[in-house]
Amino acid sequence: MIQKPKRKLPMKITKLTTYIVPPRWMFLKIETDEGIVGWGEPVVEGRALTVQAAVHELEDYLIGKDPFLIEDHWNVMYRAGFYRGGAVHMSAIAGIDQALWDIKGKALGQPIHSLLGGQVRDKIKVYSWIGGDRPSDVANNAKDVVARGFKAIKLNGCEEMQIVDTYDKVEKAVETIATIREAIGPYIGIGVDFHGRVHRPMAKVLAKELEPYKLLFIEEPVLSENREALKEIANHASTPIALGERLYSRWDFKSVLSDGYVDILQPDLSHAGGITECRKIAAMAEAYDVALAPHCPLGPIALAACLQVDAVSYNAFIQEQSLGIHYNKGNDILDYISNKEVFKYADGFVSIPQGPGLGIEVDEAYVIERAKEGHRWRNPVWRHEDGSVAEW
């Protein structure tokens with residue numbers, strides 16, 4: 001009598017551990033009964049403790065479950081709680097989703113992008129943030145970044161700006177961009193982030209005045225909740241409009257795409273539901289002939305997750321990354337991984353990781369050590385000259 005081989009029992013999730021680490025990140029480790037662990041990066045900058053609580057609320061459901069059933073777990077975490085969406089909930093789901101994909105890839109010995117259909121590119125262009133208090137400082141910083149091989153940069157386009165403000169604020173912003181363009185030449189991409197600081201009346205003025213400098217894109221010319229203003233802004237300039245870091249699901253992006261005034265979507269893989277959701281957002285954008293440029297001023301796990309989606313999304317064209325960004329005080333993205341060569345920067349591009357799962361090896365001992373310090377990062381509170389709160 002031939003005995004049938006015993007069916008292997010599914011792997012089970014056994015534990016979720018969160019680590020709040022400097023400069024302003026949170027990492028998640030999910031363990032299984034087979035010893036395979038996955039890492040994710042669930043965080044809302046300035047709300048890390050809140051997201052940490054949300055992750056551990058979802059833990060109640062996940063313990064004992066098969067980590068391979070990612071799509072089903074995503075739907076349960078999103079739909080079964082009745083109240084859904086928003087920054088905290090979707091960021092908690094995002095980090096869990098990243099870690100589950102990491103587990104599945106490691107268990108199967110494949111990079112996540114292989115499990116998503118296979119990569120369509122070997123590398124993707126990246127941009128570097130630049131800062132400075134004066135136009136000359138910003139221009140020098142831009143030249144330094146270009147000298148290091150970057151072919152695109154991004155900077156904040158202005159400081160606080162009232163709903164209707166004086167023209168000196170406009171002139172200051174224009175002077176900065178003009179100085180940068182002169183310093184780095186005509187063919188380096190310049191992304192200008194309005195950061196939601198600008199309201200409709202001034203956004204159309206700025207967009208028109210910056211038109212001669214041939215920008216790569218204008219980011220968040222108005223807050224996402226004021227996106228009805230994009231029609232008028234788009235009619236004042238031909239510069240591509242980018243938006244999406246403060247949208248958290250495919251349903252949030254649906255009207256943005258159907259309205260037709262945004263050229264580049266910027267979902268954040270640590271805020272917008274993780275790899276599972278952002279893959280779907282990318283596909284929606286492709287159907288509208290809209291580009292993808294994932295938002296990622298965060299840590300190495302978030303960047304690795306972004307690169308998995310970039311690898312399989314035809315419309316992805318550039319990737320934000322935080323190496324050397326002004327927020328990274330005390331720690332930077334390479335500090336927390338042991339295979340530091342995985343993010344291969346060359347000629348303005350970064351290579352797509354080829355290792356199993358996310359392709360990174362988290363230095364767990366260092367994570368534990370830095371989590372002893374943790375952080376309570378908060379963004380600054382700005383006020384206008386009249387004392388009212390300004391958008392940061």
Side-chain angles (χ1 to χ4, degrees), residues 87 127 129-132 135 138 152-181 189-248 252-268 271 285 288 290-293 295 297 318 320 379-392:
Y127 62 79
W129 266 91
I130 59 170
V138 177
I153 61 172
K154 190 171 86 170
L155 73 157
N156 284 320
C158 62
E159 296 180 345
E160 65 269 31
M161 188 169 283
Q162 266 283 15
I163 188 166
V164 176
D165 216 322
T166 52
Y167 215 81
D168 61 315
K169 298 276 188 76
V170 176
E171 289 178 344
K172 183 179 179 182
V174 172
E175 180 190 5
T176 298
I177 302 305
T179 305
I180 292 172
R181 178 54 79 200
I190 302 175
V192 176
D193 189 355
F194 287 6
H195 220 251
R197 295 170 181 170
V198 185
H199 298 267
R200 174 177 176 164
M202 301 306 296
K204 59 184 181 181
V205 174
L206 270 172
K208 183 177 180 180
E209 292 294 323
L210 292 173
E211 181 83 359
Y213 302 101
K214 298 179 173 59
L215 302 179
L216 186 64
F217 56 80
I218 293 173
E219 181 174 336
E220 279 199 323
V222 291
L223 290 166
S224 296
E225 53 262 41
N226 296 329
R227 58 183 174 266
E228 66 278 356
L230 295 174
K231 178 179 180 180
E232 191 168 0
I233 295 166
N235 288 333
H236 278 77
S238 61
T239 304
I241 293 173
L243 180 146
E245 68 188 67
R246 287 186 264 198
L247 300 176
Y248 309 111
D252 290 346
F253 281 98
K254 184 166 63 171
S255 62
V256 171
L257 289 168
S258 62
D259 287 348
Y261 301 111
V262 173
D263 306 290
I264 303 164
L265 290 194
Q266 299 173 305
D268 190 306
H271 299 330
Y288 282 88
V290 168
L292 180 75
H295 180 254
I318 200 165
E320 181 173 26
N379 62 255
V381 177
W382 286 3
R383 292 188 181 273
H384 294 296
E385 191 176 358
D386 65 5
S388 61
V389 172
E391 294 285 351
W392 174 76

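- Side chains of Val174 and Leu210 form a contact here, defined as non-hydrogen atoms less than 4.5 Å apart.
- Atom NZ of Lys169 sits in a crowded spot, with more than 12 heavy atoms from other residues, nucleotides or ligands closer than 6.0 Å.
- With rounding to the nearest 0.5 Å, the separation of CG in Asn156 from CH2 in Trp392 is 8.0 Å.
- At least one donor-acceptor pair under 3.5 Å links the side chain of Asp263 to the backbone N or O of Ile241.
- To the nearest 0.5 Å, atom CZ of residue Phe217 and atom OH of residue Tyr127 are 4.5 Å apart.
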Side-chain donor-acceptor distances from residues 220-227 under 3.5 Å, at least two apart:
| residue | atom | partner | partner atom | Å |
| --- | --- | --- | --- | --- |
| Glu220 | OE1 | Arg246 | NH2 | 2.8 |
| Glu220 | OE2 | Arg246 | NE | 3.1 |
| Arg227 | NE | Ser255 | OG | 3.4 |
| Arg227 | NH1 | Ser224 | O | 3.0 |
| Arg227 | NH2 | Ser255 | OG | 2.9 |

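- A salt bridge links Lys154 with Glu219: the closest approach of a Lys/Arg side-chain nitrogen to an acidic carboxylate oxygen falls below 4.0 angstrom.
- Taking CG of Asp268 as the reference point, atom CD of Gln266 lies at 10.0 Å (rounded to 0.5 Å).
- Across every non-hydrogen atom of Leu206 and Ala173, the tightest pair is CD2-CB, 3.9 Å.
- Between Val192 and Thr239 there is no side-chain heavy-atom pair separated by less than 4.5 Å.
- Annotation: the span from His384 atom NE2 to Glu391 atom CD amounts to 8.0 Å, rounded to 0.5 Å.
- You'll find the side chain of Leu243 stays beyond 4.5 Å of the side chain of Leu265, heavy atoms only.
- Ring planes of His271 and His295: tilted class, angle from 30 to 60°.
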Derivation of the salt bridge (charged side-chain N to carboxylate O under 4.0 Å, His left out) call for Arg383 and Glu160: CA-CA 8 Å; Arg383 292 188 181 273; Glu160 65 269 31; over 6 Å; no
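- Partner of Lys204 under the side-chain hydrogen bond (donor to acceptor under 3.5 Å, both in side chains) criterion, out of Glu209, His236, Glu232: Glu232 alone.
- One side chain, Trp129 or Glu320, offers a donor N or O that lies under 3.5 Å from an acceptor on the other.
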